[in-house]
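So the structure is just underneath, and the comments pick up after that.
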There are 2 protein chains.
Amino acid sequence: MSRSGADLALLLLGGFRVLVDDAIMELAERGYEDFRPVHDFAMRAIAAGADNASELGRRLSVSKQAAAKTVAVLEERGYVARGTDPLDARRKRLQVTALGFEVMRVGEAVFDELRDKWKRKIGAKQLERLEADLAALVGAATVRIETPGWIAHSLDETT
Amino acid sequence: MSRSGADLALLLLGGFRVLVDDAIMELAERGYEDFRPVHDFAMRAIAAGADNASELGRRLSVSKQAAAKTVAVLEERGYVARGTDPLDARRKRLQVTALGFEVMRVGEAVFDELRDKWKRKIGAKQLERLEADLAALVGAATVRIETPGWIAHSLDETT
DNA sequence: CTCTTTAGACAACCAGGTTGACGATTCAAG
DNA sequence: CTTGAATCGTCAACCTGGTTGTCTAAAGAG
């Protein structure tokens with residue numbers, strides 16, 4: 001049953017989408033409306049020390065303007081707070097709020113539950129094997145989760 | 001080594017991106033500049049009988065305007081031709097050109113080569129296993145490859 | 001012959017990125 | 001202390017790839 005390479009790509013994309021769509025839907029049901037992976041990524045980066053928009057942009061490999069937009073929605077939802085920096089009047093210091101940490105925790109739990117569901121379907125051993133194989137295949141390539149024309153551009157146009 | 005559910009999602013996305021980015025790069029090197037999965041999809045649909053923009057839109061679950069835009073780039077690159085329909089003066093009959101079929105064939109070959117590379121890395125048996133597992137997990141969910149706010153919206157908002 | 005449906009085109013808009021410019025502030029160097 | 005370069009955040013304009021709404025022309029049903 002030798003599938004084609006294109007089918008393999010579709011399966012991978014399908015797996016990702018099923019997982020993420022389910023997670024977003026579940027999060028919405030639990031009261032966290034329209035929470036997306038990119039939000040989680042940004043909050044993690046902020047919690048990890050990217051406490052201003054420019055730095056956040058650098059960490060996410062995105063322009064500072066794009067980072068600022070993301071921060072704006074996170075602030076609006078109450079997931080991060082923006083204060084002034086006493087040491088540098090240019091900066092707006094970013095901080096993940098309690099609510100922000102909560103939604104991150106719940107998001108993690110939701111993903112873990114989904115993974116458990118998969119584990120029950122194909123078995124723990126095989127799921128770990130699948131993950132190990134994928135890790136080997138993907139290698140060191142860092143996954144940039146947003147990427148607008150994602151399906152379009154290669155990561156570094158060596159053209 | 002129990003990974004988290006979020007990591008699993010990232011691995012799947014990473015696998016897809018590595019595959020697709022490599023394929024696009026390889027296609028570009030072979031002279032097919034900026035050829036993307038969505039183009040292949042559209043051409044297949046056209047070849048399969050969606051011979052006008054409105055029908056194409058319906059098949060791809062996309063507005064007829066979006067379909068028309070895709071057709072425009074395919075026509076510009078010489079992959080599809082647009083003629084008049086003798087039976088219906090409203091329609092512009094679409095046809096995949098010889099060049100169009102060529103790029104589809106090459107694209108398929110490129111993907112198959114990439115799959116072979118993976119096969120050499122983790123073994124034929126295990127790759128087939130991986131595909132079978134993914135197929136079981138993804139289930140019947142049809143993968144809509146474009147999807148603009150893909151990472152955002154769920155397929156059918158049962159909210 | 002008239003009413004409704006359909007194809008395709010045009011325009012306006014949206015999301016989520018991009019680049020460029022700019023004022024305010026910081027910092028390094030003379 | 002002053003001055004020039006770098007950096008922060010913001011604003012504005014633009015790009016891509018979708019969307020909806022509107023319109024004309026053609027087709028088809030009654």
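Order of the sequence lines fixes the chain letters, A, B, ..., with proteins taken first and strands second; residue numbering starts at 1 for each chain. Since this is a predicted model, take the numbers as computed values, not measurements.
Taking atom CZ of A:Arg82 as the reference point, atom C1' of D:dG9 lies 8 Å away to the nearest angstrom. The CZ-C1' distance, from B:Arg58 to C:dA7, rounds to 9 Å in whole Å. With rounding to whole Å, A:Leu94 atom CG is found 12 Å from D:dC8 atom P.
Near DNA chain D, defined here as any heavy-atom distance below 4.0 Å, there are no residues from residues 70-77 of chain B.
Residue contacts shown for B:Gln65 include a base, since a base heavy atom lies under 4.0 Å away. Among the heavy atoms of the strands, none lies under 4.0 Å from B:Arg93.
For the pair A:Leu8/B:Leu127, a side-chain contact is recorded, criterion being any heavy-atom separation below 4.5 Å from C-beta on. You'll find the side chain of B:Val103 stays beyond 4.5 Å of the side chain of B:Arg77, heavy atoms only.
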*Could you please spell out the steps behind the salt bridge (charged side-chain N to carboxylate O under 4.0 Å, His left out) verdict for B:Asp112 and B:Arg115?*
CA-CA 5 Å; B:Asp112 287 347; B:Arg115 184 179 178 276; over 6 Å; no
*Step by step, work out the side-chain contact (heavy atoms from CB on, under 4.5 Å) result for B:Leu134 and B:Leu12.*
CA-CA 10 Å; B:Leu134 281 177; B:Leu12 292 167; 3.7 Å; yes
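Look at A:Lys92 and you'll find a side-chain N or O under 4.0 angstrom from OP1 or OP2 of D:dT10. In terms of phosphate contacts, A:Arg91 brings no side-chain nitrogen or oxygen within less than 4.0 Å of OP1 or OP2 of D:dT10. Taking only side-chain nitrogens and oxygens, A:Arg36 comes nearer than 4.0 Å to OP1 or OP2 of C:dG16. Regarding contacts with the backbone of D:dT19, a side-chain N or O of B:Ser63 is found under 4.0 angstrom from either OP1 or OP2.
With respect to the salt-bridge test (charged N to carboxylate O, under 4.0 angstrom), the residues A:Glu102 and A:Arg30 do not qualify.
Taking for each of B:Ala53 and B:Lys69 the nucleotide of DNA chain C with the nearest heavy atom, the 5'-most of the two is the partner of B:Ala53.
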Nucleotides 24-30 of chain D: which of its N/O atoms have a protein N/O under 3.5 Å away?
{"residue": "D:dA27", "atom": "OP1", "partner": "B:Ala89", "partner atom": "N", "Å": "2.9"}

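Below 30°, between 30° and 60°, or above 60°: for A:Tyr79 and A:Phe35 the angle between ring planes is above 60°, a perpendicular geometry.
Comparing atom distances between the A:Val62 side chain and each of C:dT18, C:dA9, D:dC8 picks out C:dT18 as nearest. Comparing D:dG9, C:dG8, D:dG21 by their nearest atom to the side chain of A:Ser54 picks out D:dG9.
For A:Asp85, the side chain to side chain donor-acceptor pair (under 3.5 Å) criterion is met by no residue, not counting sequence neighbours.
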